[in-house]
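Below is one structure, written out as structure tokens; the observations come after it.
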Amino acid sequence: MELQVYNTLTRKKEIFKPINPPHVGMYVCGPTVYGDAHLGHARPGITFDIVFRYLKFLGYKVRYVRNITDVGHLENDADEGEDKIAKKARLEQVEPMEIAQFYTKRYLDAMDLLNVLRPSIQPSASGHIIEQIDIVKKILDAGYAYVSGGNVYFDVLKYHNDTHKYGILSNRVIEDMLQTTRELDGQKEKHNPADFALWKKAEPEHIMRWPSPWSDGFPGWHLECTAMSAKYLGDKFDIHGGGLDLLFPHHESEIAQSVCAFGHEPTNYWIHNNMITIAGQKMGKSLGNFITLEELFNGTHKLLEKAYSPMTIRFFILQAHYRSTLDFSNEALTAAEKGLKRLLEAQRNINNITPSNNAAELDIKALINNCKEAMDDDFNTPIVISNLFEAASIINKIIDGKEKINSEGLEDLKALFNNYLVDILGIKDEQTSNMMPTIEGLVKMILDVRQEARMNKDWAKSDQLRDKLAEIGVKIKDSKDGVSWSLD
RNA sequence: GGUCUCUUGGCCGAGCGGCUAGGCACCGGUCUGCAAAACCGUCUACUCCAGUUCGAAUCUGGAAGAGACCUCCA
């Protein structure tokens with residue numbers, strides 16, 4: 001089966017065919033770095049990490065570009081000329097670039113903890129002002145933009161009349177939009193309310209500014225992605241991704257910009273992840289109902305009953321398909337945590353299995369095949385996980401002596417977990433830290449003492465040791481073959 | 001108001017015409033000095049109404065509810 005991806009542009013699943021195999025170019029809209037990353041940021045980070053990982057697994061050579069938006073864009077719809085990063089900088093009395101650097105680092109740290117692979121290139125908007133100005137010039141030359149009071153605006157109506165393309169991605173009818181667009185402040189310079197800025201003149205108090213042929217100012221909201229994707233992936237590349245909330249106007253406008261600047265649409269496949277909701281409502285910075293990743297990892301948010309590890313968050317997100325909304329709750333997160341633990345314990349137990357020669361065949365290959373088909377079907381990670389649970393159940397039965405496996409089956413089992421759980425889903429065993437050798441030694445020592453007590457039928461002492469260990473998070477399991485333990 | 005999407009069991013969440021998804025929780029059992037884990041088993045579903053079909057959670061029409069986008073947002 002070939003990889004099929006759901007293309008937002010055509011609204012159906014399509015067989016993935018790269019322009020220039022084995023190379024694949026993928027551009028994903030990254031964060032605006034004026035605040036800590038929250039649970040919502042984890043979704044696209046992980047979604048496109050999966051795409052990245054799976055394409056590589058399939059043998060493609062992927063160049064993955066994810067931008068850092070450090071030109072903060074406007075704070076609100078009134079053209080006050082102050083952007084988010086500049087505002088934060090003013091409030092904290094630091095350089096805007098300090099704000100951007102600070103939150104960029106924190107964003108990347110959080111993504112690292114989530115085991116999100118670093119993209120091939122992470123360009124920043126502020127580092128590509130020249131390229132953005134160049135795109136503005138191209139669009140002006142093509143006749144689809146106009147200068148007005150030091151600003152440059154994209155002429156949406158002219159573009160639409162000539163190409164009939166404004167709205168192809170978001171399925172919007174421009175005539176409707178023109179009627180419903182509200183009266184906004186500072187719109188005088190625009191020919192039409194639907195027009196969007198390519199270049200904005202900076203007000204005197206606006207501290208983030210660059211020189212341009214039109215004014216000292218800053219680039220428009222949608223320009224950086226057009227400029228940077230074209231620079232690093234070419235003006236026609238394979239995949240463009242981002243959150244569903246960016247569909248309109250951001251991605252729609254990117255298409256318009258590319259068509260005018262380069263004569264064609266920027267990408268073949270548009271992939272959008274859905275939102276994470278909290279109590280059924282979108283979690284978002286502007287809604288103030290978000291939980292930062294740090295709070296999640298520490299358990300410090302008032303909505304959290306406890307801390308959740310980065311892998312729990314990752315697993316939680318992967319248990320839903322990326323195009324579905326995913327509702328946050330303590331119950332759901334706890335369920336994910338327990339399920340993940342079970343899966344990881346099964347994975348560890350693979351190493352304790354001794355294959356039997358005369359074992360009947362267990363059809364591990366079917367599970368591997370299921371996983372492959374699930375990933376090929378628009379990255380259906382929940383199905384992959386359900387198959388891994390099937391495998392976990394088989395492993396447990398073998399460990400329990402209720403099932404046997406031959407060496408080929410065992411190898412398949414190892415491959416299944418290594419390929420799908422570790423490499424593709426990117427789940428790592430957080431227990432395997434560098435402290436482990438020490439802890440292992442200590443626990444073994446204590447268990448030896450306990451074993452002695454048990455030999456003497458000193459149950460009180462045995463239980464006391466078990467309870468004390470449990471208190472510090474070491475769980476003991478007694479079985480016929482001996483004692484095993486795990487960290488809680 | 002316009003455009004679009006969603007509504008699955010106690011909770012989360014797949015499925016998209018016929019075949020028990022899966023996880024968590026609950027309950028019963030096996031195992032165990034006890035406990036935990038593990039294993040086995042059981043129980044809860046497709047918002048409502050009408051239609052198409054031999055057959056619908058899955059297709060069509062209608063109703064109700066929820067959400068997203070239309071303004072920066074992942």
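To find a chain, count down the sequence lines: A is the first, B the second, and so on, and within it residues start at 1. Heavy atoms only: backbone and side chains are in, while hydrogens, waters and symmetry mates are out.
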_Taking the ring of Tyr166(A) and the ring of His160(A), is the distance between their centroids below 6.0 Å?_
no
Requested in this report: Taking the six-membered ring for Trp and the single ring otherwise, decide whether the centroids of Phe196(A) and His222(A) are under 6.0 Å apart.
Outcome: yes
For nucleotides 38-43 of chain B, tabulate all protein N/O to nucleotide N/O atom pairs closer than 3.5 Å, reporting atom names and distance.
from   : atom 1 : to        : atom 2 : distance (Å)
A38(B) : O3'    : Asn396(A) : ND2    : 3.0
C39(B) : OP1    : Asn396(A) : ND2    : 2.3
C39(B) : O2'    : Lys402(A) : NZ     : 2.7
C40(B) : OP1    : Lys397(A) : NZ     : 2.5

*Using a cut-off of 4.0 Å on non-hydrogen atoms, how would the nucleic acid contact of Arg323(A) be classed: base, sugar-phosphate, or nothing?*
nothing
Fill in: Touch class at under 4.0 angstrom, heavy-atom based, for Lys282(A) against every strand present
base
In RNA chain B, stems of three or more consecutive pairs, Watson-Crick or G-U, each with both distances under 3.5 Å, turn out to be B:1-7 with B:64-70, B:10-12 with B:22-24, B:27-30 with B:38-41, B:47-51 with B:59-63
Notebook entry, point to check: Contact class for Ser462(A) (heavy atom, under 4.0 Å): base, sugar-phosphate, or nothing?
Noted result: base
- request: Report the relative orientation of the aromatic rings in Tyr54(A) and Phe379(A); use parallel for angles under 30°, tilted for 30 to 60°, perpendicular for over 60°.
  value: perpendicular
query = Counting any heavy atom closer than 4.0 Å, what does Leu326(A) reach on the DNA or RNA strands: base, sugar-phosphate only, or nothing?
reply = sugar-phosphate
_Heavy atoms only, 4.0 Å cut-off, all strands: where does Ile276(A) land among base, sugar-phosphate and nothing?_
base
| message | Heavy atoms only, 4.0 Å cut-off, all strands: where does Gly280(A) land among base, sugar-phosphate and nothing? | response | sugar-phosphate
| said: Measuring centre to centre across the rings, with the benzene-like ring taken for any Trp, is Phe297(A) within less than 6.0 Å of Tyr308(A)? | reply: no
Q.
Please verify the inter-ring angle class for Phe237(A) with Tyr27(A); under 30° counts as parallel, over 60° as perpendicular, anything in between as tilted.
A. tilted
Would you classify Asp467(A) as touching base, sugar-phosphate or nothing, given that sugar-phosphate means primed atoms plus P, OP1 and OP2, and contacts are heavy atoms under 4.0 Å?
nothing
Out of A35(B), G13(B), U3(B), minimum distance to the side chain of Arg466(A) belongs to A35(B)
- Classify the side-chain pair Thr10(A)/Glu14(A) by whether it contains a donor and acceptor separated by less than 3.5 Å. yes
(request) Between C26(B) and C11(B), how far apart are the C1' atoms? Round to whole Å, please. (result) 12 Å
G29(B) versus C34(B) - spacing of their P atoms, nearest Å = 15 Å
In numerical order, the residues of residues 379-390 of chain A whose heavy atoms come under 4.0 Å of RNA chain B are Asn380(A), Pro382(A), Ile383(A), Ser386(A), Phe389(A), Glu390(A)
| query | Is the charged tip of Arg323(A) near the ring of Tyr6(A): under 6.0 Å from the six-membered ring centre and within 45° of its axis? | reply | yes
Quiz prompt | Residues Asp378(A) and Gln4(A): side-chain donor-acceptor under 3.5 angstrom | solution = no
Worksheet entry | Pairwise C1' distance for C49(B) and U42(B), with rounding to whole Å | 34 Å
Exercise. When all nucleic acid strands are considered with a 4.0 Å heavy-atom cut-off, which category describes Asp478(A): base, sugar-phosphate, or nothing?
Worked result: base
Is the phosphate of A37(B), meaning OP1 or OP2, less than 4.0 Å from a side-chain N or O of Ser486(A)? no
(message) What's His38(A) touching, base or sugar-phosphate or nothing? Going by heavy atoms closer than 4.0 Å.
(response) base
**Q.** Separation between the P atoms of U20(B) and U60(B), rounded to whole Å
**A.** 25 Å
Between Glu254(A) and Thr226(A): side-chain donor-acceptor atoms closer than 3.5 Å:
no
Report the relative orientation of the aromatic rings in Trp270(A) and His251(A); use parallel for angles under 30°, tilted for 30 to 60°, perpendicular for over 60°.
tilted
Between Pro119(A) and the options Phe52(A), Phe48(A), Tyr64(A), the side-chain contact (heavy atoms from CB on, under 4.5 Å) test singles out Tyr64(A)
Exercise. Answer with base, sugar-phosphate or nothing: what part of the nucleic acid does Thr325(A) contact at a heavy-atom distance below 4.0 Å?
Key: sugar-phosphate
